[in-house]
Amino acid sequence: MLLRLNLMNLRTAFALVGCLVMAAHPTGAQTPVSTLDTKPAFMQVVTNFVYRTNAIVVTNYVVTTNAVAVTNYYNAQGVFLQPVTSIPGLVPIPQTPVPAAAPAPAPAPAAPDPAVVKAGQLQAVRDLLIQGLATSSNQLALAGSFTTNVQQQIQIPQGLTSFDRRKSQSLITAMNLTAEKAAPSVIALLAKTAGQFQTDDPAAVIKGNADAATRGFLTSQRPALDPQIFLLVQQAAADTRLRETYNSVMLKGGGLLGAVLGSGPAVDIEAHVTQGLLQAIVNHWAVQEKTIRTDAAARKTPALQQAFK
């Protein structure tokens, strides 16, 4: 009973729907059958919203580069966009050229230390003396440098006259052989002393005359050197029998053997040879000093090259 009532109600409902449909379509046209759309739905949002801004950032920071980037810009419709050359209402910023920075001045060279300069000048004076002596030694220590060189030969002392030419020549030979034999040791003594030479004003010596170093050295060192040089000559004279040869000339027998003119005191023959040897060394020494001062190629040490550049 109940089932029948439900079926009747359902038929009544469908009949009612049919009436409504007929009312909506009075022409009586057939309506399409409704179907369920199972495709996914997509939502499309269209907007004409445009974001514009006039914010401008101005900075003085400048970056200079040689790299150039070129690009073409197009809008959504594919229209080429021309670059904007000016914006209405925008005040252009004047381009002020940035002056190039002046180059920093080179730092002034440090002033040389006076003590270092003086030490270098003193070493130059010493080298000047030592180098001059070394070259002089090569000439004075040779065999025959005194006996065969007439200009350098030591002669018989003034005041001594011999009437025997043979004995006079024997004395001259003995004196010069003594000088040749003593020359190397005397020059070695001078060089050793020159290596320790002290002067309060080496700059004045360097700027002095052609023989300023030689004269300055001898003036200050002769008092201490003379006794030592004399002793070296005495040692050489013992080997050459200088004293015996001198005494043979001084025999007071008259005749042809020899005699002393006048009655003056006898000559210290060893001191005479010492003086002659030292004079010969000084002459050569001064010549070598002048050469070093005037000839750059003759300066063998850095101190000399620096002092006389």
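Keep in mind that the numbers below use all heavy atoms, side chains included, and drop hydrogens, waters and symmetry copies. Note that this is a predicted model, so its numbers are computed, not measured.
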Is a side-chain N or O of [X] found less than 3.5 angstrom from the main chain of [Y], in a donor-acceptor match?
{"X": "Thr219", "Y": "Gly216", "answer": "no"}
{"X": "Ser137", "Y": "Leu133", "answer": "no"}
{"X": "Thr135", "Y": "Gly132", "answer": "no"}

Do you know the tightest heavy-atom contact between [X] and [Y]?
{"X": "Ile154", "Y": "His272", "value": "CG2-NE2, 3.7 Å"}
{"X": "Gly195", "Y": "Ile130", "value": "CA-CD1, 3.8 Å"}
{"X": "Ala297", "Y": "Lys300", "value": "O-NZ, 3.3 Å"}

Find the distance between [atom1] ([X]) and [atom2] ([Y]) and round it off to the nearest 0.5 Å.
{"X": "Asp239", "Y": "Lys181", "atom1": "CG", "atom2": "NZ", "result": "4.5 Å"}
{"X": "Thr193", "Y": "Leu225", "atom1": "OG1", "atom2": "CG", "result": "4.5 Å"}
{"X": "Gln221", "Y": "Leu189", "atom1": "CD", "atom2": "CG", "result": "10.0 Å"}
{"X": "Glu180", "Y": "Asn149", "atom1": "CD", "atom2": "CG", "result": "10.0 Å"}
{"X": "Asp211", "Y": "Leu128", "atom1": "CG", "atom2": "CG", "result": "10.5 Å"}
{"X": "Thr245", "Y": "Leu171", "atom1": "OG1", "atom2": "CG", "result": "7.0 Å"}

(message) If you count heavy atoms of other groups shown closer than 6.0 angstrom to CZ of Arg241, is the number above 12?
(response) no
(request) Kindly check if the number of other-residue, nucleotide or ligand heavy atoms within 6.0 Å of CD (Gln158) is above 12? (result) no
(message) Could you tell me if the side chain of Phe308 sits less than 4.5 Å from the side chain of Thr294, heavy atoms only?
(response)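 They are not in side-chain contact.
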(message) Any non-hydrogen side-chain atom of Ile172 less than 4.5 Å from a side-chain atom of Gln169?
(response)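 Yes, at least one pair of side-chain atoms sits under 4.5 Å.
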In a table with atom names and distances, give each donor-acceptor pair under 3.5 Å that connects a side chain of residues 275-293 to protein atoms at least two apart or in another chain.
from, atom 1, to, atom 2, distance (Å)
Gln279, NE2, Asn283, OD1, 3.0
Asn283, ND2, Gln279, O, 3.2
His284, ND1, Gln139, OE1, 2.7
His284, NE2, Gln152, OE1, 2.6
Trp285, NE1, Leu129, O, 3.0
Glu289, OE1, Thr214, N, 3.0
Glu289, OE1, Thr214, OG1, 2.7
Glu289, OE2, Ala212, N, 3.2
Glu289, OE2, Ala213, N, 2.9
Glu289, OE2, Arg293, NE, 3.1
Glu289, OE2, Arg293, NH2, 3.1
Thr291, OG1, Val287, O, 3.0
Arg293, NE, Asn209, O, 3.3
Arg293, NE, Ala210, O, 3.4
Arg293, NH1, Ile206, O, 2.7
Arg293, NH2, Val205, O, 2.7

(request) Walk me through it: do Phe217 and Thr199 pass the test side-chain contact (heavy atoms from CB on, under 4.5 Å)? (result) CA-CA 9 Å; Phe217 174 82; Thr199 178; over 6 Å; no
Please tabulate, for the side chains in residues 229-238, all donor-acceptor contacts under 3.5 angstrom to protein atoms that are two or more places apart in sequence or on a different chain.
from, atom 1, to, atom 2, distance (Å)
Gln234, NE2, Glu270, OE1, 3.2

(request) Please determine, by modelled atom types, if Gln155 and Gln153 share a side-chain donor-acceptor pair under 3.5 angstrom. (result)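 Indeed, the side chains of Gln155 and Gln153 share at least one donor-acceptor pair under 3.5 Å.
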(request) Please answer: with hydrophobic residues joined when any side-chain heavy atoms are less than 4.5 Å apart, are Ile156 and Val273 in the same cluster? (result) yes
(message) When you group the ILVMFWY residues by side-chain heavy-atom contacts below 4.5 Å and let the links chain together, are Leu218 and Val186 in the same group?
(response)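 Linked within one cluster.
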Can you give each donor-acceptor pair under 3.5 Å made by side-chain atoms of residues 111-126, sequence neighbours left out, with the distance rounded to 0.1 Å?
from, atom 1, to, atom 2, distance (Å)
Asp113, OD1, Ala115, N, 3.1
Lys118, NZ, Asp200, O, 3.3
Gln123, NE2, Asp127, OD1, 2.8
Arg126, NE, Phe197, O, 2.8
Arg126, NH2, Phe197, O, 3.0

(request) For side-chain contact (heavy atoms from CB on, under 4.5 Å), just list the numbers for Phe146 and Thr178, CA-CA rounded to whole Å, side-chain angles, deciding distance to a tenth of an Å, and then say yes or no. (result) CA-CA 9 Å; Phe146 283 87; Thr178 302; over 6 Å; no
